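Numbering of residues begins at 1 and proceeds along the displayed sequence. No experiment lies behind these values; they were computed from the predicted model shown.
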Amino acid sequence: MSDILLAFGASGSDMRMAEGDLLCDDSLLTAVIISLFTDRLAAPDDRLPAEADDRRGWWADATLQGGKDNIGSRLWLLGRESTTPDVPERARAYAAEALQWLVDEGRATGVQVDARRLHAADSSANLLLTVAIDAPQGGTYAFVYNPVTSTYTFA
């Protein structure tokens, strides 16, 4: 299945074009970008960032699967937190939750997520998020996002 190719640039993720046409992508790159970097609706018991009352979420979630789908991840909930020892586990759980649909819909046979602090001694440290996706036809895709440099690798 082809998607419109999304890729990170200086101002975030955007569609890629060549010679006036949108580029398509048969890998899982676009699906992973949308899954991880679209704001999923916060759960009723989630602690929202300071002074926030918006639980976010994608407007079309209510129309998909009778309101049972939630596109994106809850990684946005971590945006203003210090990277305390519990944050990597929450980031790992949020990313795994966001990517589970790939397995449920047969686009992957498995998803493994690792999140770790880049600078353990610094409470304002960033996370390194690594995702391995097992493809149904064999092989594994690896997605690594570095928030310090706002860059990713996908192969």
* D53 atom CG, neighbour heavy-atom count above 12 within 6.0 Å ->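 Atom CG in D53 is not crowded, with 12 or fewer foreign heavy atoms closer than 6.0 Å.
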* CD (Q137) with more than 12 external heavy atoms under 6.0 Å ->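 Yes, CD of Q137 has more than 12 neighbouring heavy atoms, counting only those of other groups under 6.0 Å.
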Quick one: closest heavy-atom pair of [X] and [Y], and the distance?
X	Y	result
R74	A43	NH1-CB, 3.7 Å
D54	W76	O-CH2, 3.6 Å
A115	A91	CB-CB, 4.1 Å
A31	L102	CB-CD2, 4.3 Å

In Å and rounded to the nearest 0.5 Å, what is the [atom1] to [atom2] distance from [X] to [Y]?
X	Y	atom1	atom2	result
E97	R92	CD	CZ	10.5 Å
L28	I34	CG	CD1	11.5 Å
L36	L99	CG	CG	4.5 Å
Y141	L29	OH	CG	10.0 Å
L75	R90	CG	CZ	10.5 Å
I133	R107	CD1	CZ	9.5 Å

Quick one: does [X]'s side chain get under 4.5 Å of [Y]'s, heavy atoms only?
X	Y	answer
R116	P88	no
Q100	V103	yes
D134	V111	no

* Asked: Any donor and acceptor pair, going by atom type alone, linking the side chain of R55 with main-chain N or O of A42 inside 3.5 Å?
  ->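 Flag set: sc R55 to bb A42 pair under 3.5 Å.
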* Would you check if the side chain of R40 reaches a backbone N or O of S73 as a donor-acceptor pair within less than 3.5 Å? =>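 A pair under 3.5 Å: no.
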* Any chance you could lay out the side-chain contact (heavy atoms from CB on, under 4.5 Å) test for L77 and L48, step after step, and finish with the verdict? => CA-CA 6 Å; L77 292 168; L48 299 178; 3.9 Å; yes
